[in-house]
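Encoded as structure tokens, the structure appears first; notes follow it.
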Amino acid sequence: MLDIQALRNDLEGVAARLATRGFVLDTKKFEQLEGERKTIQTRTQELQAKRNATSKQIGAAKAKGEDVSVIMAEVATLGDELKQAENQLDAVLITLQQFLGVIPNMPHASVPPGKSEADNVEVRKVGNIPKFDFAAKDHVDLGEKLGLDFDTAAKISGARFSLLKGGLARLHRALAQFMLDTHTEQHGYTETYVPYMVNEDSMYSTGQLPKFKQDLFEVPIAMNPVDRSDSQEKPRIFYLIPTAEVPVTNIVRDEIVALESLPMKFVAHTPCFRSEAGSYGRDTRGMIRQHQFDKVELVQMVHPDESYAALEQLLGHAETILQKLGLPYRVVKLCTGDMGFSAALTYDIEVWLPAQNTYREISSCSNFESFQARRMQARFRNAQGKPELLHTLNGSGLAVGRTLVAVLENCQQADGSVVIPEVLRPYMGGMEKLSP
RNA sequence: GGAAGCGUGGCCGAGUGGUUGAAGGCACUAGUCUUGAAAACUAGCGAGGAUGAGAGUCCUCCGUGAGUUCGAAUCUCACCGCUUCCGCCA
């Protein structure tokens, strides 16, 4: 969420910056809502002040044993008037909140302008693209002989799920463990185990709700044994996490943490669940785009002055994994039009996939500045002792499924076997290759 | 699933429906004392918001939401969460 003060002080400026990412800010609507809010809030507070003063008078008079009927008559209608004003205020505040809740973050000044993926800017290329003296297979063809089974997964669940068996399943586990160990032992992250289902507040805090409900899987909470069909309350549900970013970042929701505890660095390995609504027909082959995939996620909560330095570091931590695995990749800076809702600046890391003859996203590292922190009231006590919003960041380090794809395709041999990268061998019981 | 209890500031913990945003303590910050530190003493110390150039003034917040009342941390109801005991279970 943006700071409402920023909209009040420089509405046109904010609108202009949001326009660069393709968001049209309805400035008329905002001015109208703000005007209403101001009028109603002032009036409500006046009435509240009057009620408070009168009630104190009554209390004081009663204490002295005086007659209070005159004062009571005076405020007879105050209650209704106040109730009405408060209801109006609630309504306009909710509308204002909803208005603010769907405005995306403002891009950092350094974000390249652009409309789509095509306008992203390449920052660097790392590693050597492998040259094969045979026709490179994609991971589906390679995996078929190694234990990758989409047909059975489809029988068990449906489309966009995968089943791994044998060495391939172990390689998947090895990748996750290798990533976790690297980040905890070498990069200073604290390992966390988190819930995979979260409540609505958590989803709102990190920005998945209210705008991207269609991307999430919902799980109804079986409860309320009594039939409360007369109830106005909406049924409560859990959401399956689309990324560990959600539960991990929410660690600091509604907290005021000590200055000395910064930066906070967490890593979590979790499954991620995405409905992939709206991506029918895209990446239907293979395990590139699934309803369920594993990811090792890096999350940091930092002092506002440190967040851009922290982003560079976090990006480096993710890159380290690819370097250790010997996978070629490139880093791109997303343009204004391609960034996610909550991000102020995002780097994507794209790994080379020989079969597709292109780079594909394997990590996304973002600085959200105070956007998420404001939604979740995540603060620290600054040097002056005052609460101040944190900056939050996160990045994949890395998406495990796509890393598995990259290893298969980049390390394949002419005979259909796959050489296991050195760093993974300790996790594979010393195994050097996967063979059909 | 059954029974009972409990949710108050960064933390602990008082709180008879009426100047209670809330006693007291801890922590924290200044100051006094001390060679220095500790201890002791003194003072300060919740968050969010409206308005104002500012000093200030005002509003909201005691798990959440409704309700009763001129007035609710305090009374009523529902929900959420936590604790303990029994049952069941990985």
Side-chain angles (χ1 to χ4, degrees), chain A residues 1-9 33-94 96-97 100 193 195-205 220-239 250-262 264 301 370 373-390:
Chain A
M1 179 149 47
L2 297 181
D3 185 358
I4 194 168
Q5 297 295 354
L7 277 83
R8 287 179 186 149
N9 296 338
L33 283 172
E34 255 296 280
E36 280 179 36
R37 192 223 93 230
K38 208 164 179 170
T39 312
I40 299 171
Q41 183 162 1
T42 307
R43 182 177 142 69
T44 305
Q45 293 193 352
E46 276 168 9
L47 289 169
Q48 284 170 331
K50 191 171 167 190
R51 178 205 58 198
N52 292 347
T54 314
S55 293
K56 276 183 186 173
Q57 271 181 41
I58 293 173
K62 273 199 170 174
K64 287 189 228 160
E66 293 169 3
D67 176 40
V68 292
S69 57
V70 178
I71 318 178
M72 297 277 275
E74 238 175 74
V75 293
T77 58
L78 189 65
D80 291 340
E81 220 178 323
L82 179 59
K83 176 73 73 184
Q84 203 191 343
E86 282 176 341
N87 288 342
Q88 281 177 7
L89 182 61
D90 283 349
V92 73
L93 286 179
I94 288 171
L96 204 49
Q97 208 58 26
L100 289 172
Y193 171 80
Y196 301 158
M197 298 193 286
V198 302
N199 58 33
E200 184 173 348
D201 286 348
S202 294
M203 282 296 185
Y204 180 84
S205 295
I221 302 175
M223 55 157 210
N224 293 358
V226 187
D227 178 15
R228 302 181 62 252
S229 50
D230 59 322
S231 171
Q232 300 291 311
E233 291 171 41
K234 50 186 173 180
R236 280 165 40 88
I237 50 177
F238 285 134
Y239 294 89
N250 271 277
I251 289 172
V252 292
R253 167 149 59 90
D254 291 325
E255 300 289 335
I256 302 174
V257 302
L259 184 60
E260 306 78 59
S261 65
L262 302 180
M264 297 170 86
M301 297 86 173
S370 59
R374 186 171 294 105
R375 288 169 96 90
M376 67 171 82
Q377 284 297 295
R379 296 167 292 177
F380 68 101
R381 213 166 274 286
N382 66 21
Q384 288 72 46
K386 289 292 161 198
E388 190 179 331
L389 292 171
L390 290 162

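The shown structure was predicted, so the numbers you read here are calculated from the model rather than taken from an experiment. Order of the sequence lines fixes the chain letters, A, B, ..., with proteins taken first and strands second; residue numbering starts at 1 for each chain.
- Atom CG in A:D254 sits about 12 Å away from atom P in B:G48, given to the nearest Å.
- Put simply, OH on A:Y204 is 18 Å from C1' on B:U64, counting in whole angstrom units.
- When all heavy atoms of A:M301 and A:L262 are compared, the pair lying nearest together is O-CD2, 3.6 Å.
- For the 3.5 Å distance criterion, the side chains of A:S202 and A:N199 qualify, holding a donor opposite an acceptor.
- Considering only side-chain N and O atoms, A:N52 lies under 4.0 angstrom from the phosphate OP1 or OP2 of B:C59.
- One P atom belongs to B:U19, the other to B:C59, and the distance between them is 14 Å to the nearest Å.
- Side chain of A:R375 to backbone of A:Y204: a donor-acceptor contact under 3.5 angstrom is found.
- One finds the CG atom of A:L89 at 8.5 Å from the CZ atom of A:R37 (value rounded to the nearest 0.5 Å).
- Toward the 5′ end of RNA chain B lies the nearest nucleotide of A:I4, the other residue of the pair A:I4 and A:E46 mapping further downstream.
- Applying the Watson-Crick and G-U wobble criteria (two distances, each under 3.5 Å), B:A47 pairs with B:U60.
- Spacing of C1' atoms, B:A50 relative to B:A37, comes out at 47 Å, to the nearest Å.
- Using N1 to N3 plus N6-O4 or O6-N4 for Watson-Crick, or N1-O2 and O6-N3 for G-U wobble, each under 3.5 Å, B:G1 pairs with B:C86.
- Look at A:R381 and you won't find any side-chain N or O under 4.0 angstrom from OP1 or OP2 of B:A27.
- If you measure from atom CG of A:D201 to atom P of B:C79, you get 19 Å, rounded to the nearest angstrom.
- The gap from the C1' atom of B:G15 to that of B:A22 amounts to 8 Å, rounded to the nearest Å.
- Separation of the P atoms belonging to B:C41 and B:C58 is 35 Å when rounded to the nearest angstrom.
- The nucleotide B:G71 finds no pairing partner, because no Watson-Crick or G-U wobble arrangement with both distances shorter than 3.5 Å includes it.
- Exactly one of A:V252, A:D254, A:V198, A:N250 qualifies for a side-chain contact (heavy atoms from CB on, under 4.5 Å) with A:S205. That residue is A:N250.
- Distance A:F238 CZ to B:C80 P: 11 Å, rounded to the nearest Å.
- Taking atom P in both B:G21 and B:C80, the straight-line distance is 32 Å, to the nearest Å.
- When Watson-Crick and G-U wobble pairs are counted only if both distances are under 3.5 Å, B:G17 pairs with no nucleotide at all.
- As the counterpart of B:G54, no nucleotide is assigned, since no Watson-Crick or G-U wobble pattern has both distances under 3.5 Å.
- Phosphate contact (OP1/OP2 of B:A50, side-chain N/O of A:K38, threshold under 4.0 Å): absent.
- Closest contact between the side chain of A:R379 and the listed nucleotides B:A50, B:G48, B:G10 involves B:G48.
- Each of B:C70, B:A50, B:U60 was ranked by its minimum atom distance to the side chain of A:S55; first place goes to B:C70.
- The gap from the C1' atom of B:G48 to that of B:C62 amounts to 15 Å, rounded to the nearest Å.
- Here the P atom of nucleotide B:G52 and the CD atom of A:Q41 are 12 Å apart, to the nearest Å.
- If you measure from atom CD of A:Q377 to atom C1' of B:G49, you get 12 Å, rounded to the nearest angstrom.
- Among the atoms of the strands shown, none is found under 4.0 Å from any heavy atom of A:R43.
- If you take atom C1' in B:A73 and the same atom in B:G7, they sit 12 Å apart, rounded to whole Å.
- Within the shown strands, B:G65 is the pairing partner of B:C77 under the Watson-Crick or G-U definition, both distances less than 3.5 Å.
- The structure places NZ of A:K386 at 8.0 Å from CZ of A:R381, a figure rounded to the nearest 0.5 Å.
- As rounded to the nearest Å, B:C6 and B:G44 have P atoms that lie 35 Å from one another.
- Under a 4.0 Å N-O distance rule, the pair A:E86/A:K83 does not qualify as a salt bridge.
- Side-chain proximity of A:R8 to the nucleotides B:A47, B:G49, B:G67 is greatest for B:G49.
- Using Watson-Crick or G-U wobble geometry with both donor-acceptor distances under 3.5 Å, B:G31 finds its partner in B:C41.
- Atom NZ in A:K83 sits roughly 8 Å away from atom P in B:A66 (whole-Å rounding).
- When each of A:D90 and A:E86 is assigned the nucleotide of RNA chain B with its nearest heavy atom, A:E86 is the one assigned upstream, toward the 5' end.
- Rounded to an integer number of Å, the gap from A:I58 CD1 to B:A72 P is 11 Å.
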